[in-house]
Q: 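Handing you this structure, nothing more for now.
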Amino acid sequence: VRNAEEMGNPAMRWSAQFGLGRLLRRIDRREEALAALSESLTIIESMRHEIAPSDEARTGFMEDKQEVYADAVSLLFELGRVEDALEVAERARARAFLDLLSARPAAGAKQLAAPAPVALVRLADIRGEASRLQATLVAYFASETDLFMWVAAPSGTIRGVRTPIGRAELTRLVEKLEAALRRGPFTGPARGAPTDEDRAVDQGLDPVSRRLHRELIAPVEPWLPESPREEITIIPHGPLFRVAFGGLRDDEGRYVAERHTLNYVPAVG
């Protein structure tokens with residue numbers, strides 16, 4: 001770490017602090033580990049504003065840095081700081097999404113504009129958005145080993161839970177769901193009596209739909225509004241952008257869309 005600091009190379013500095021954070025975490029010095037990871041994130045976020053405004057420079061900028069955010073989220077959960085973990089997850093989501101937009105200029109554009117500053121997402125922003133929308137926010141963050149979920153109520157209460165399913169397994173399940181949907185029509189709610197073809201498709205859809213419900217909805221179900229008229233805003237992450245949450249079924253065969261009104265946003269604000 002000292003050599004990286006002396007050289008003043010930001011790429012070396014964020015990587016060194018990240019490595020230090022992981023080492024400290026392994027020896028159970030978690031507060032020190034969190035400080036190192038936080039410093040790594042500060043360097044990363046300052047770097048983003050200094051890179052050249054070109055497609056080549058910005059495409060994939062966040063790809064090798066998401067692990068730092070994921071480690072910080074995981075460590076904050078371990079420390080019981082669930083709300084702070086959501087703040088970090090939203091910072092990661094907002095930056096990755098902005099980089100994605102920056103890498104896709106309008107047709108005919110010769111050069112990308114400089115990246116717009118991204119205000120740090122604070123807990124007050126998250127609570128304010130839930131209150132403004134009068135909706136329950138359900139945010140997801142998929143790491144290599146775990147899925148983190150938060151529920152922010154319009155009242156300002158934020159709760160969180162983690163489940164041991166990683167991004168690779170979630171991607172596999174999403175791809176299975178998509179493959180089953182491609183094989184034929186989907187018998188969603190209010191679609192009338194199912195045909196024999198519908199039933200055949202559902203035989204492939206049903207198990208993966210129920211599994212995804214158990215992973216994505218069941219852990220947060222106790223915190224969701226009971227009235228179907230109260231809106232729920234889903235904030236997906238990673239492969240979950242490809243999931244139609246309303247079409248997932250619980251163990252009794254009921255669709256999420258039968259019990260909840262859903263909409264989606266890519267990030268808070």
Side-chain angles (χ1 to χ4, degrees), residues 82 86 89-90 93 126 129-142 146-155 157-167 169-195 197-268:
V82 170
L86 173 57
E90 284 306 307
R93 190 194 319 277
I126 298 167
E129 191 71 1
S131 176
R132 183 184 70 81
L133 295 172
Q134 279 302 290
T136 298
L137 307 183
V138 182
Y140 296 86
F141 188 83
D146 296 283
L147 177 64
F148 301 89
M149 294 166 272
W150 296 265
V151 176
S155 65
T157 301
I158 297 175
R159 300 179 176 93
V161 64
R162 70 191 293 176
T163 59
I165 181 170
R167 179 186 284 258
E169 176 64 4
L170 283 171
T171 300
R172 186 187 70 83
L173 290 170
V174 171
E175 289 173 349
K176 283 185 66 175
L177 186 68
E178 291 174 330
L181 286 168
R182 284 194 297 269
R183 286 196 290 269
F186 180 53
T187 58
R191 292 287 297 275
T195 65
E197 185 179 8
D198 290 333
R199 293 189 183 92
V201 171
D202 280 354
Q203 287 177 3
L205 268 174
D206 199 52
V208 68
S209 176
R210 293 186 188 223
R211 168 76 190 282
L212 281 168
H213 186 283
R214 287 193 294 272
E215 300 290 355
L216 305 180
I217 303 297
V220 298
E221 189 79 55
W223 306 323
L224 300 182
E226 294 183 2
S227 171
R229 291 187 297 273
E230 295 184 49
E231 196 169 90
I232 295 173
T233 297
I234 302 290
I235 311 173
H237 184 245
L240 302 185
F241 274 101
R242 295 151 57 188
V243 175
F245 282 72
L248 302 181
R249 289 170 167 169
D250 64 17
D251 287 337
E252 297 177 5
R254 297 175 301 174
Y255 293 96
V256 172
E258 294 180 77
R259 294 175 289 121
H260 300 293
T261 299
L262 306 179
N263 64 43
Y264 303 84
V265 296
V268 172

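All of these numbers come straight from a predicted model, not from anything done at the bench. Hydrogens, waters and symmetry mates play no part in the numbers below; they use all other heavy atoms, side chains included.
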Q: Any non-hydrogen side-chain atom of His260 less than 4.5 Å from a side-chain atom of Val138?
A: no
Q: I'd like to know whether Glu129 forms a side chain to side chain contact (heavy atoms under 4.5 Å, CB included) with Glu90, so could you lay out the CA-CA distance, the side-chain angles of the two residues, the decisive distance to 0.1 Å, and finally the verdict.
A: CA-CA 13 Å; Glu129 191 71 1; Glu90 284 306 307; over 6 Å; no
Q: Hey, could you give me the NZ/CZ distance between Lys176 and Arg211, rounded to the nearest 0.5 Å?
A: 8.5 Å
Q: Give the minimum heavy-atom separation between Ala139 and Leu86, together with the two atoms involved.
A: CB-CD1, 4.0 Å
Q: Could you walk me through whether Asp251 and Arg214 pass side chain to side chain contact (heavy atoms under 4.5 Å, CB included), step by step?
A: CA-CA 8 Å; Asp251 287 337; Arg214 287 193 294 272; 3.2 Å; yes
Q: Looking at CD of Glu258 and CG of Asp250, how far apart are the two atoms once the value is rounded to the nearest 0.5 Å?
A: 8.5 Å
Q: Do Trp150 and Ile126 come close enough that some side-chain heavy atom pair is under 4.5 Å?
A: no
Q: Quick check for you: to the nearest 0.5 Å, what is the distance between Ile217 atom CD1 and Leu212 atom CG?
A: 9.5 Å
Q: Just verifying a value: how many Å separate Arg167 CZ and Phe141 CZ, rounded to the nearest 0.5 Å?
A: 7.5 Å
Q: Show your reasoning for whether side chain to side chain contact (heavy atoms under 4.5 Å, CB included) applies to Leu216 and Leu170.
A: CA-CA 10 Å; Leu216 305 180; Leu170 283 171; 4.2 Å; yes
Q: Mind listing the side-chain donor-acceptor pairs of residues 232-246 below 3.5 Å, one per line with the distance, residues two or more places apart or on another chain?
A:
{"residue": "Thr233", "atom": "OG1", "partner": "Asn263", "partner atom": "OD1", "Å": "2.8"}
{"residue": "His237", "atom": "ND1", "partner": "Ala142", "partner atom": "N", "Å": "2.8"}
{"residue": "Arg242", "atom": "NE", "partner": "Glu178", "partner atom": "OE2", "Å": "3.1"}
{"residue": "Arg242", "atom": "NH2", "partner": "Glu178", "partner atom": "OE1", "Å": "2.8"}

Q: Is it true that Glu175 and Arg172 have a side-chain N and a carboxylate O under 4.0 angstrom from each other?
A: no
Q: So which atom in Ser209 and which in Gly247 form the shortest heavy-atom distance, rounded to 0.1 Å?
A: OG-O, 3.4 Å
Q: If I take atom CZ from residue Arg210 and atom CG from residue Leu248, how far apart are they, to the nearest 0.5 angstrom?
A: 11.5 Å
Q: Return yes when atom CD of Glu226 has more than 12 non-hydrogen atoms of other residues, nucleotides or ligands closer than 6.0 Å, and no otherwise.
A: no
Q: To the nearest 0.5 Å, how far apart are OG1 in Thr163 and CG in Asp146?
A: 7.0 Å
Q: For residues Ala153 and Ala130, report the shortest heavy-atom separation together with the two atoms involved.
A: O-CB, 3.7 Å
Q: Strictly by salt bridge (Lys or Arg N to Asp or Glu O under 4.0 Å), give each pair with a member in residues 227-241 just once, sequence neighbours left out.
A: none
Q: Does the side chain of His213 reach to within under 4.5 Å of the side chain of Arg254, using non-hydrogen atoms?
A: no
